[in-house]
A.B. asks: 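Got a structure here, written out as structure tokens. Questions coming.
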Amino acid sequence: MAINGKVALVTGAAQGIGRGIALRLAREGADLVLVDLDLAKLQAVADEVWEMGRRATHVVADVGDREQVFAAVAHAEAELGGLDIMVNNAGIAQVKPLAEVTAEEVERIYRVNVQGTLWGIQAAAASFKARGRKGKIINASSIAGHEGYALLGVYSSTKFAVRALTQAAAKELAADGITVNAYCPGVVGTDMWVEIDKRMAEVTGAAIGETYAKFVGGIALGRAETPDDVAAFVAFLAGPDSDYMTGQAPLIDGGLVFR
Ligand code: NAD
């Protein structure tokens, strides 16, 4: 219970990795602010957190909208008395050859993955500073933030950008006692990968499930990653054992990309 009584805000918390992180942080003793676009699923995760004996509140917000992100943090302050841990997890993928990507598609994915992370860093840092809290900011990068993948080129560039924001924010906020780190999952069996696999099949002619199986086949530990695998590492980043770590974006991928 290393983070007992802390308040954590998780974006993209309605499903997949974000839900896994929220439930793990609740298990570690945190109260949760759950942010996503999907109200019904958010409500279900909030119910799970309450059943674990922790408090949860949820906010429907688009992380690409700066005002909505600041409003979500204000909600955390009003409902749960402040914020200690900000997990900028929400993200979207896109499968397309670079030659065919449109301006609208680039704007859409950058708005969520890059701007969404930036607004989250800004809103959390402002709250931590105003309340004198040595908070922790934790951002979702990816193996695709360490290596550019074919047909995932623009997505990869957004995840490289998350690492850049993580490093710069760590340097800017260190003097205030705020740490900023990222997590880089590999191949996690969430809806995002169902969609990636489907789109890969359309673009390459592979059978449904083939691309996913090929990627999983490259994992040294021999199985796909689960949201719990990611959440365990995020719990470390959220807790005191990572107090002397900032600006880092380690791979948590079962042995797929080696750096
Ligand atoms: P997912 O698609 O299963 O879930 C993403 C959640 O984010 C959804 O609930 C969705 O509603 C929400 N969301 C999307 N856009 C939003 C917005 N603008 N505002 C608020 N919420 C929004 O995805 P996931 O697999 O759980 O991925 C979570 C994060 O982890 C993403 O940043 C993703 O890029 C990253 N990641 C995933 C994998 C993987 O293999 N699944 C690997 C590496 C990194």
Side-chain angles (χ1 to χ4, degrees), residues 9-24 33-46 58-73 86-95 107-120 123 138-147 149 152 154-163 165-166 182-200 211-212 214-216 218-219 223-231 233-234 249-254 256-257:
L9 188 157
V10 181
T11 68
Q15 65 177 43
I17 294 170
R19 172 179 170 274
I21 291 168
L23 296 179
R24 175 64 193 250
V33 184
L34 308 164
V35 176
D36 205 290
L37 299 169
D38 190 319
L39 175 60
K41 287 186 182 172
L42 270 182
Q43 181 68 61
V45 180
H58 56 280
V59 184
V60 173
D62 173 0
V63 298
D65 183 313
R66 188 175 183 275
E67 280 182 23
Q68 290 185 33
V69 176
F70 274 75
V73 170
M86 179 75 168
V87 186
N88 294 308
N89 167 77
I92 56 175
Q94 178 200 83
V95 178
E107 278 165 21
R108 177 166 177 267
I109 193 167
Y110 268 76
R111 186 172 174 279
V112 178
N113 294 8
V114 182
Q115 294 188 37
T117 302
L118 175 57
W119 308 146
I138 304 166
N139 303 322
S141 182
S142 169
I143 48 172
H146 286 267
E147 181 171 332
Y149 284 85
L152 288 161
V154 178
Y155 174 76
S156 300
S157 74
T158 67
K159 294 301 180 179
F160 271 71
V162 169
R163 287 179 58 215
L165 291 173
T166 300
Y183 51 98
C184 299
V187 181
V188 191
T190 64
D191 282 3
M192 179 176 278
W193 246 103
V194 172
E195 190 57 32
I196 290 173
D197 182 76
K198 195 172 117 215
R199 282 284 303 136
M200 286 282 187
T211 309
Y212 179 70
K214 196 171 137 203
F215 269 82
V216 172
I219 298 172
R223 65 167 175 82
E225 188 165 4
T226 67
D228 286 349
D229 293 320
V230 184
F233 181 57
V234 173
L251 290 147
I252 168 79
D253 66 357
L256 182 57
V257 172

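Each ligand, and each atom within it, is numbered from 1 in the order the structure gives.
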A.B. asks: Any nitrogen or oxygen of D38, main chain or side chain, under 3.5 Å from a nitrogen or oxygen of ligand 1?
C.D. replies: no
A.B. asks: Regarding ligand 1, does V188 bring an N or O atom to under 3.5 Å of one of the ligand's N or O atoms?
C.D. replies: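 V188 vs ligand 1: N/O contact under 3.5 Å present.
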A.B. asks: Applying a 4.0 Å heavy-atom criterion (strictly less than), which segment of D36 is in contact with ligand 1: side chain, backbone, both, or neither?
C.D. replies: both
A.B. asks: Could an N or O of ligand 1 be found under 3.5 Å from any N or O of G18, whether backbone or side chain?
C.D. replies: no
A.B. asks: Is there a heavy atom of K159 sitting under 4.0 angstrom from any atom of ligand 1?
C.D. replies: yes
A.B. asks: Out of V69, N113, I17, L37, whose heavy atom sits nearest atom 17 (C) of ligand 1?
C.D. replies: L37
A.B. asks: Which atom names give the shortest non-hydrogen contact between Q94 and L152, and what distance separates them?
C.D. replies: O-CD2, 3.4 Å
A.B. asks: Quick one: which of G186, A144, S141, A140 has a heavy atom closest to atom 44 (C) of ligand 1?
C.D. replies: S141
A.B. asks: Is any side-chain heavy atom of D191 less than 4.5 Å from a side-chain heavy atom of Q15?
C.D. replies: yes
A.B. asks: May I ask you to identify, for A61, whether its side chain, its backbone, both or neither come under 4.0 Å of ligand 1 on a heavy-atom basis?
C.D. replies: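 Backbone only; the side chain of A61 stays clear of ligand 1.
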A.B. asks: If every non-hydrogen atom of V162 is compared with every non-hydrogen atom of N113, which pair is closest and at what distance?
C.D. replies: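 Looking at all heavy atoms of both residues, the closest pair is CG2-O, 3.7 Å.
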A.B. asks: Side chains of L39 and H58, heavy atoms from C-beta outward: is any pair under 4.5 Å?
C.D. replies: yes
A.B. asks: Check each atom of ligand 1 against the heavy atoms of G91 and keep those under 4.0 Å away; list them by number with element.
C.D. replies: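 Contacts of ligand 1 toward G91, numbered from 1: 31 (C), 32 (O).
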A.B. asks: Which ligand 1 atoms are under 4.0 Å away from a heavy-atom of A90?
C.D. replies: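 Matching atoms, with element in brackets: 21 (N), 22 (C), 32 (O).
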A.B. asks: Return a yes/no value for N89: is any of its N or O atoms, backbone included, closer than 3.5 angstrom to an N or O of ligand 1?
C.D. replies: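 Such a contact does occur with ligand 1.
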A.B. asks: Does some side-chain heavy atom of I219 sit less than 4.5 Å from a side-chain heavy atom of E225?
C.D. replies: no
A.B. asks: Side chain or backbone, does T190 bring an N or O within less than 3.5 Å of an N or O on ligand 1?
C.D. replies: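 Yes, T190 has an N/O under 3.5 Å of an N/O on ligand 1.
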A.B. asks: Say whether N139 and T166, considering side chains only, have a donor N or O and an acceptor N or O under 3.5 Å apart.
C.D. replies: yes
